[in-house]
Number of protein chains: 4
Amino acid sequence: MTTKKHQSLKPRKIPSQSRAEQTVAAILEAAACILETKGLDGLNTNLVAQRAGVSIGSLYQYFPGKDALIVALSQRERAVFFAEAEGALNEPTGQRGLKHLIAASVRQQLRRPTLARLLDFEENRPSIAKELAPFITAMTELIRQLLDHEDIPPQPSIETAAGDIIAIVRAIVDAAGERGEVDRTALELRVSRALFGYLGIVGRQP
Amino acid sequence: MTTKKHQSLKPRKIPSQSRAEQTVAAILEAAACILETKGLDGLNTNLVAQRAGVSIGSLYQYFPGKDALIVALSQRERAVFFAEAEGALNEPTGQRGLKHLIAASVRQQLRRPTLARLLDFEENRPSIAKELAPFITAMTELIRQLLDHEDIPPQPSIETAAGDIIAIVRAIVDAAGERGEVDRTALELRVSRALFGYLGIVGRQP
Amino acid sequence: MTTKKHQSLKPRKIPSQSRAEQTVAAILEAAACILETKGLDGLNTNLVAQRAGVSIGSLYQYFPGKDALIVALSQRERAVFFAEAEGALNEPTGQRGLKHLIAASVRQQLRRPTLARLLDFEENRPSIAKELAPFITAMTELIRQLLDHEDIPPQPSIETAAGDIIAIVRAIVDAAGERGEVDRTALELRVSRALFGYLGIVGRQP
Amino acid sequence: MTTKKHQSLKPRKIPSQSRAEQTVAAILEAAACILETKGLDGLNTNLVAQRAGVSIGSLYQYFPGKDALIVALSQRERAVFFAEAEGALNEPTGQRGLKHLIAASVRQQLRRPTLARLLDFEENRPSIAKELAPFITAMTELIRQLLDHEDIPPQPSIETAAGDIIAIVRAIVDAAGERGEVDRTALELRVSRALFGYLGIVGRQP
DNA sequence: TATGAATGAGACTTCATTCAT
DNA sequence: CATGAATGAAGTCTCATTCAT
């Protein structure tokens with residue numbers, strides 16, 4: 001069987017000893033590495049275990065299956081990203097908040113471009129998406145609050161707008177990653193233009 | 001590994017008899033169907049052959065493997081799309097041209113949303129992308145000509161802009177497809193705003 | 001099925017028109033070529049047909065199966081060889097006869113070393129061997145007559161001796177072919193020594 | 001094609017647990033059995049695994065493919081043979097050494113005639129031969145030392161002589177196996193005659 | 001808990017052979 | 001007779017997952 005259906009994708013145990021935490025971290029990092037170097041097709045549980053210096057049995061001790069690995073990896077990356085993105089709420093205006101969000105996205109992407117792109121894709125698979133719903137909800141909520149500022153024109157559907165915004169940022173930033181761009185500022189500017197245009201914000205962007 | 005490394009992705013033979021053409025068409029359509037209903041993981045050569053009502057041997061007669069199937073499918077869809085998109089060059093202004101392009105993209109996406117989204121992703125995989133390079137080149141050239149009109153502000157890099165434009169259109173349109181949107185007009189409008197914003201075109205869009 | 005069991009290995013029809021003869025010759029030569037360049041694993045009926053410039057259907061018109069191809073090829077080579085070897089019977093002494101036989105073997109092998117070696121092997125497969133029995137019988141008979149001369153010490157078993165002689169000649173000559181040797185004379189000398197030693201012929205060989 | 005091109009033929013992992021050693025042994029013995037009863041065409045990985053009482057996955061855990069199986073089998077047989085053959089170096093004279101070598105060859109062949117013959121052939125296939133080069137080298141060296149004794153006439157090329165000797169012994173011994181001979185002594189005598197004749201040793205062999 | 005050998009469903013692919021045109 | 005599209009049995013090989021030690 002390729003993949004067992006309908007099994008939990010949550011980590012099996014919350015590692016309480018630091019030894020276990022290290023194991024989990026090693027496994028995730030191994031998975032990340034392989035994803036970056038060999039792509040999705042190159043990712044398999046046996047290899048991950050080997051690269052992590054752990055037995056395959058141990059891997060299954062911490063992750064109930066392959067998908068759980070990807071979910072955990074996404075969550076790891078998302079957690080970092082979200083911690084940065086949340087700062088957007090402290091910005092005084094909606095536009096400043098958006099810029100903050102964009103900057104966080106760009107930074108996230110440029111840290112590990114290949115990995116980010118691959119995860120972006122995997123997150124679309126229904127089985128994975130389900131587990132990442134909380135993040136989507138949180139992002140949507142965050143964007144909703146940003147759009148709520150009075151310096152942002154009202155949108156017909158906040159839901160739709162939030163989804164579009166996430167998609168647009170991702171698209172430009174992934175495309176840049178693919179091209180190997182490294183200039184953060186230029187990239188942020190391009191994203192801003194698209195986003196501000198989308199939202200109907202006229203006027204000068206810095 | 002799912003797929004053998006480094007094998008040709010080009011069709012093995014061009015069908016010379018009309019019976020063969022039918023076979024090829026049936027195979028491609030079956031692949032499209034499966035992609036739509038069971039996703040990428042559900043796509044395998046045996047199932048495709050079965051659904052196409054041909055033997056597995058026949059499939060391999062025309063396609064050297066699973067990836068070749070995806071390539072051929074992309075090319076089929078791209079050909080349809082490009083035929084429509086090319087009309088953009090007949091528009092009098094750059095902005096009208098872009099609208100034409102957007103409309104074509106939206107139409108393409110709304111025809112078979114799931115399929116379109118899946119192919120959009122697959123096309124990013126390096127091995128697939130290589131085979132689709134001609135299409136990318138053609139699209140870039142088309143966009144270059146559109147941006148060349150004087151009603152479009154000059155862009156720092158045409159290449160980058162072209163890539164970004166393709167990515168933005170795709171992103172919004174795919175996101176819409178995922179949500180199950182069907183309102184062509186509303187969708188076109190949102191894409192226009194993002195694109196025109198990106199390009200620095202100020203002023204009222206309809 | 002890899003190969004149908006129990007089917008005739010004889011050519012299906014004796015080609016009466018010269019057109020058919022040419023076809024058969026082309027097929028055999030194509031098979032020989034492929035055997036030489038891609039080895040046994042590279043030999044398959046479709047490829048042979050293609051290389052012969054004939055449709056696969058036509059190939060089966062003349063040969064009832066893959067093994068029949070190999071049998072026919074062996075027979076073609078054997079016929080040439082045997083025509084030369086038979087001259088041994090005209091030699092005045094047994095030793096001269098043997099030399100004649102050796103010379104014929106060496107010449108045969110050096111013409112197409114790789115092909116000869118491959119066929120030597122294939123001829124051991126029971127299904128092939130059956131069809132080549134007449135040749136073995138003829139060879140055994142030929143050798144029996146040579147050994148019957150009074151300048152050859154009597155052998156305990158003519159049958160065994162004949163088999164051994166064929167095997168020894170083949171072994172040395174194939175080994176030489178493998179090494180890429182081209183010096184006919186040196187090779188003949190070595191074979192003579194082994195054979196004459198085997199037969200208990202003492203004294204000077206030229 | 002029967003076998004994937006250009007993959008390693010070396011065992012994938014050396015069994016560290018004794019359970020694994022048993023598995024490997026069972027697989028090799030099953031392969032040997034099948035080779036003896038159904039020939040080369042009858043050898044396939046599924047059947048080997050089944051006969052060995054292990055899963056196909058286990059087989060591939062230790063052997064990357066069918067050819068690796070043959071290589072390992074050859075090495076197993078060669079190791080046994082070489083251990084016996086090496087004793088030839090302890091003999092006082094070259095001729096005694098050769099007899100020792102011949103006796104070892106005959107014994108090896110008569111143990112499992114069919115298997116020996118099949119392996120002899122397979123070892124000629126380039127891909128297999130490569131892996132067995134060490135054995136060939138060792139044999140050549142052994143023969144070189146034997147021929148170095150003063151009771152053996154000097155040979156124009158030791159390399160060639162060594163190759164020929166191996167080939168001659170093999171040929172006669174394989175032919176005997178094919179005929180179902182069981183008389184060790186008679187066989188050894190015939191080989192001796194051929195070899196001594198080849199080397200130019202005159203005089204009475206027992 | 002950790003280990004890693006074992007499992008086996010299932011995907012991929014070839015190629016000898018047939019048969020409708 | 002020739003053609004070449006179609007067939008599908010038979011084989012190869014992988015990898016997610018389990019389980020005895």
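Sequence lines set the chain letters: A, B, ... in the order given, protein chains first and strands last, and positions in each chain run from 1.
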Novice: C/Tyr60 has an atom OH; how far is it from atom P of F/dT3, in whole Å?
Specialist: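 Distance, rounded to whole Å: 16 Å.
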
Novice: Is any N or O donor-acceptor pair between the side chain of D/Asn46 and the base of F/dA10 shorter than 3.5 Å?
Specialist: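 Side chain to base: no pair below 3.5 Å.
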
Novice: Reckon D/Thr23 has a side-chain N or O less than 4.0 Å from the OP1 or OP2 of E/dA6?
Specialist: yes

Novice: Closest nucleotide of DNA chain E for B/Gly57 versus for D/Gly57: which of these residues is on the 5' side?
Specialist: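 That would be D/Gly57.
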
Novice: Any chance you could encode DNA chain E as dot-bracket? Rule is Watson-Crick or G-U wobble with both distances under 3.5 Å; [ ] for pairs crossing earlier ones, | for another strand.
Specialist: .||||||||||||||||||||

Novice: Roughly, in whole Å, what's the span from OH in A/Tyr62 to C1' in E/dT3?
Specialist: 13 Å

Novice: Starting from C1' on E/dC12, measure out to CG on A/Asp41 and report it in whole angstrom.
Specialist: 13 Å

Novice: Knowing that exactly one of C/Leu73, C/Leu35, C/Ile70 qualifies, which makes a side chain to side chain contact (heavy atoms under 4.5 Å, CB included) with C/Glu122?
Specialist: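 It is C/Ile70; the other options fail the test.
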
Novice: Provide, to the nearest angstrom, the distance between the NZ atom belonging to D/Lys38 and the C1' atom belonging to F/dG11.
Specialist: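 Between C1' of F/dG11 and NZ of D/Lys38: 14 Å.
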
Novice: Could you give the CD-to-P distance, from B/Gln61 to F/dG8, as a whole number of Å?
Specialist: 13 Å

Novice: With a 4.5 Å heavy-atom cut-off, do D/Ile27 and D/Thr23 have their side chains touching?
Specialist: yes

Novice: Check this for me, if you would: do A/Arg78 and A/Asp120 make a salt bridge, where the nitrogen-to-carboxylate-oxygen distance has to be below 4.0 angstrom?
Specialist: yes

Novice: Within the 3.5 Å criterion, strictly below it, is a donor on B/Thr114 or B/Glu36 matched to an acceptor on the partner's side chain?
Specialist: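 The answer is no; no qualifying pair exists.
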
Novice: Using the rule given for side chain to side chain contact (heavy atoms under 4.5 Å, CB included), can you reason through A/Leu69 versus A/Tyr62, listing the C-alpha separation, both sets of side-chain angles and the distance that settles it, and then say yes or no?
Specialist: CA-CA 9 Å; A/Leu69 216 49; A/Tyr62 293 106; over 6 Å; no

Novice: Quick one: is E/dA11 close enough that its OP1 or OP2 comes under 4.0 Å of any side-chain N or O from B/Thr45?
Specialist: no

Novice: In whole Å, I'd like the distance from the CG atom of C/Leu59 to the C1' atom of F/dA5.
Specialist: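 Rounded to whole Å, this separation is 16 Å.
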
Novice: Ignoring hydrogens and angles, does a donor from either the side chain of D/Asn44 or the base of F/dA10 sit under 3.5 Å from an acceptor on the other?
Specialist: no

Novice: Under 4.0 Å between any heavy atoms, over every strand shown, what does B/Leu47 touch: base, sugar-phosphate, or nothing? Just pick one.
Specialist: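 If one applies the 4.0 Å heavy-atom cut-off, B/Leu47 turns out to touch nothing in the nucleic acid.
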
Novice: Would D/Arg51 and D/Glu29 pass as an ion pair if we require N to O under 4.0 Å?
Specialist: no

Novice: Using side-chain heavy atoms (C-beta onward) and a distance below 4.5 Å, is B/Leu43 in contact with B/Lys38?
Specialist: no

Novice: Could you check C/Ile56 against D/Gly53 and say which one's nearest nucleotide on DNA chain E is further toward the 5' end?
Specialist: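 Result: D/Gly53.
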
Novice: Starting from P on F/dT14, measure out to CD on A/Gln50 and report it in whole angstrom.
Specialist: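 Those two atoms, CD and P, are 14 Å apart.
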
Novice: Rounded to whole Å, how long is the line connecting atom NZ of B/Lys66 with atom C1' of E/dT14?
Specialist: 19 Å

Novice: By nearest atom, which of the nucleotides F/dT7, E/dA6, F/dG4 is closest to the B/Ser55 side chain?
Specialist: F/dT7

